[in-house]
Colleague: 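Below: one structure in structure tokens.
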Amino acid sequence: FAINGLTGDIDPDKFYSVLFMFAWMSDPPTIPVANTWNLTCKNLRALPWMRTMCGSDQNLDIESGAMKAHLNQLSPDGLLYFPLGMEGVPKDTSYPTVDGLTALAMLNWYERSGNVVWLDDFKLLSMGLRKMAITVEDRAYYPPESGYGKDGNWKFTTRGKANMPYNPPEEPTCEVQGFEQCVKFEQAAPLRTLVRDYQLFGNMESLELAKKLYRFYMKSGMWEDLTKEGYPVNEGGIWSGHFHGNVAAMHALLEYGIATNDEKAKQIA
């Protein structure tokens, strides 16, 4: 069932983008939201696990085509440029969240096949994430829901007007800026990728950037203010809002804590 869903919602005619949403009020169902390239990377990360569990070979051609579509957009500069901008960041920009999730998918494809070429592409994407990160004082961040263009400029998502104002590449001051209002999530996949680059290959540049991203994570504006209840603002792990986004952020925080033996980060998660 999972493989049917993870391959059946991919549109080969539009760069293997995901059909973002279905509405079942009519027969056949309608698609009220345009195709998105934000999400195919998530399918690519999960599919090797699904096939390992059940052995199904359903729609292998779609799975293979979707990964080839991503490889075709991977530039020698380490950035994965969007081939379309229907629902997501603008066309010809690179979105750190998708770059990070695609890198993590490549590790799963490597585990399945043993082909070391996947590791080379993983390293290339890690390099691109180091290139895109913005450093401010002792911390670093990626502009939420924004794509990095070939001209070096950041452009906000095409999804709609921010519910709480955000202008890339400004450093976010609180968690709920932007359209989806989940700033920590936007750092999570890149942080996980950099941590894995350090764990697998000992890349110290990735480790240093991961530490800076962690410091950004720990800004008080990224957490719920419960000082009146006696909790430290940025140490209690208290959050609200987008459930998936926050859990993904905690996942990254935990992996960072394990990799660096940072007991504080692990306890917050």
Side-chain angles (χ1 to χ4, degrees), residues 9-21 31 33-45 62-106 109 117-118 120-135 140-162 165-172 177-180 182-183 185-194 209 213:
D9 70 347
I10 292 177
D11 186 351
D13 296 329
K14 293 182 179 176
F15 301 98
Y16 291 83
S17 54
V18 161
L19 300 168
F20 185 73
M21 189 180 297
I31 303 172
V33 179
N35 292 47
T36 182
W37 225 61
N38 278 3
L39 300 178
T40 312
C41 54
K42 296 185 178 183
N43 298 33
L44 291 173
R45 189 170 72 97
I62 294 177
E63 179 181 330
S64 175
M67 182 56 92
K68 287 179 181 177
H70 281 61
L71 293 174
N72 288 341
Q73 299 304 124
L74 180 55
S75 172
D77 63 6
L79 305 185
L80 190 66
Y81 292 102
F82 270 44
L84 80 169
M86 299 174 69
E87 199 281 344
V89 301
K91 181 181 178 182
D92 295 327
T93 68
S94 186
Y95 182 22
T97 291
V98 167
D99 290 21
L101 286 168
T102 302
L104 295 172
M106 287 175 173
W109 285 56
V117 172
W118 294 116
D120 293 336
D121 288 331
F122 173 87
K123 292 178 184 177
L124 184 60
L125 281 165
S126 299
M127 180 189 75
L129 288 170
R130 293 195 299 272
K131 174 181 177 178
M132 284 190 287
I134 298 175
T135 298
Y141 69 96
Y142 297 97
E145 303 175 88
S146 302
Y148 183 82
K150 296 178 182 179
D151 58 1
N153 293 319
W154 289 89
K155 298 178 182 178
F156 193 58
T157 181
T158 62
R159 300 180 73 182
K161 184 179 179 180
Y166 177 69
N167 297 306
E170 296 174 359
E171 181 181 8
Q177 282 179 267
F179 177 81
E180 203 157 5
C182 198
V183 172
F185 169 77
E186 301 289 330
Q187 324 301 315
L191 176 56
R192 294 182 65 195
T193 299
L194 295 165
L209 179 54
L213 289 170

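Side chains included, hydrogens not; waters and symmetry mates left out as well; all remaining heavy atoms used. Values in this document were obtained by computation on a predicted structure and should not be read as measured data.
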Colleague: Which residues pass the side chain to side chain contact (heavy atoms under 4.5 Å, CB included) test with T158, not counting sequence neighbours?
Modeller: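 Here the qualifying residues are P90.
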Colleague: Would you say that D9 contacts L39 through its side chain, given a criterion of any heavy-atom pair below 4.5 Å between the two side chains?
Modeller: no
Colleague: Indicate yes or no for a side-chain donor-acceptor contact from E145 to the backbone of G178 under 3.5 Å, with no hydrogens or angles considered.
Modeller: no
Colleague: Which side-chain hydrogen bond (donor to acceptor under 3.5 Å, both in side chains) pairs, counting each pair once, include a residue from residues 64-75, with sequence neighbours left out?
Modeller: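 Pairs touching residues 64-75 that pass the test: S75-D77.
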Colleague: Considering only distance and modelled atom types, tabulate donor-acceptor pairs under 3.5 Å from the side chains of residues 147-154, sequence neighbours left out.
Modeller:
{"from": "D151", "atom 1": "OD1", "to": "N153", "atom 2": "N", "distance (Å)": "3.0"}
{"from": "D151", "atom 1": "OD2", "to": "N153", "atom 2": "ND2", "distance (Å)": "3.2"}

Colleague: Got a sec, which residues hit side-chain hydrogen bond (donor to acceptor under 3.5 Å, both in side chains) with K42, two or more places apart in sequence or on another chain?
Modeller: H244
Colleague: Determine whether a donor-acceptor pair (N or O, by modelled atom type, separation under 3.5 Å) exists between the side chain of Y166 and the backbone of Q177.
Modeller: no
Colleague: Just to verify, what does E63 make a salt bridge (charged side-chain N to carboxylate O under 4.0 Å, His left out) with, not counting sequence neighbours?
Modeller: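 Result, salt bridge (charged side-chain N to carboxylate O under 4.0 Å, His left out) vs E63: R51, R112.
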Colleague: With a 4.5 Å limit on heavy-atom distance, are the side chains of T157 and E180 in contact?
Modeller: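 No; the side chains remain at least 4.5 Å from each other.
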Colleague: If the condition is side-chain hydrogen bond (donor to acceptor under 3.5 Å, both in side chains), which residues does E170 pass it with, not counting sequence neighbours?
Modeller: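 side-chain hydrogen bond (donor to acceptor under 3.5 Å, both in side chains) check on E170 returns nothing, list empty.
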Colleague: Between L101 and R45, does the side-chain contact (heavy atoms from CB on, under 4.5 Å) criterion hold? Intermediate values first, please.
Modeller: CA-CA 7 Å; L101 286 168; R45 189 170 72 97; 4.1 Å; yes
Colleague: For the residue pair L104 and A189, what are the closest heavy atoms and their distance?
Modeller: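 Heavy atoms only, the tightest pair is CD1-O, 4.4 Å.
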Colleague: So, taking the atom named CD1 in I10 and the one named CD1 in I62, what distance separates them when rounded to the nearest 0.5 Å?
Modeller: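 I10 atom CD1 to I62 atom CD1 measures 7.0 Å (nearest 0.5 Å).
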Colleague: Partners of F82 by ring-ring contact (aromatic ring centres under 6.0 Å, His included), sequence neighbours excluded?
Modeller: W37
Colleague: So do the side chains of T102 and L125 get within less than 4.5 Å of each other, counting heavy atoms only?
Modeller: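 T102 reaches L125 side chain to side chain.
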Colleague: Side chains of P143 and Y141: does their closest heavy-atom pair fall under 4.5 Å?
Modeller: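 Heavy-atom side-chain distance check passes, below 4.5 Å.
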Colleague: Kindly write out the residues that satisfy side-chain hydrogen bond (donor to acceptor under 3.5 Å, both in side chains) with T97, not counting sequence neighbours, or none if the list is empty.
Modeller: E186
Colleague: Quick one: does S126's side chain have a donor or acceptor within less than 3.5 Å of a partner on L194's backbone?
Modeller: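 A pair under 3.5 Å: no.
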Colleague: Among residues two or more places apart or on two chains, list those pairs meeting salt bridge (Lys or Arg N to Asp or Glu O under 4.0 Å) that have a residue in residues 78-90.
Modeller: E87-R159
Colleague: List the residues meeting side-chain hydrogen bond (donor to acceptor under 3.5 Å, both in side chains) with Y142, not counting sequence neighbours, and say none if there are none.
Modeller: none
Colleague: Any idea which heavy atoms bring L44 and M67 closest together, and the distance?
Modeller: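 Closest pair (atom of L44, atom of M67, distance): CD2-N, 3.8 Å.
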Colleague: Determine whether L129 and P96 make a side-chain contact, defined as any pair of heavy atoms from C-beta on separated by less than 4.5 Å.
Modeller: yes
Colleague: Can you give me the closest heavy-atom contact between S146 and Y95, atom names plus distance?
Modeller: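 In terms of heavy atoms, the two residues are closest at O-CD1, 3.5 Å.
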Colleague: In Å, rounded to the nearest 0.5 Å, how long is the span from CG of L124 to CG of D99?
Modeller: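 It comes to 10.0 Å.
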Colleague: The criterion is side chain to side chain contact (heavy atoms under 4.5 Å, CB included); which residues satisfy it with A188, sequence neighbours excluded?
Modeller: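 Result, side chain to side chain contact (heavy atoms under 4.5 Å, CB included) vs A188: Y217, A252.
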Colleague: Of all the heavy-atom pairs spanning I31 and M21, show the shortest one and how long it is.
Modeller: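 Minimum heavy-atom contact is CG2-O, 3.3 Å.
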Colleague: Can you list, pair by pair, the side-chain donor-acceptor contacts under 3.5 Å of residues 13-20, counting residues two or more places apart and other chains?
Modeller:
{"from": "S17", "atom 1": "OG", "to": "K14", "atom 2": "O", "distance (Å)": "2.9"}
{"from": "S17", "atom 1": "OG", "to": "N35", "atom 2": "ND2", "distance (Å)": "3.0"}

Colleague: To check you understand the geometry: which heavy-atom pair defines the closest contact between T193 and A103, and what is its length?
Modeller: CG2-CB, 3.7 Å
Colleague: Mind listing the closest non-hydrogen atom pair of Q187 and V183 along with its distance?
Modeller: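 Minimum heavy-atom separation between Q187 and V183: NE2-O, 3.3 Å.
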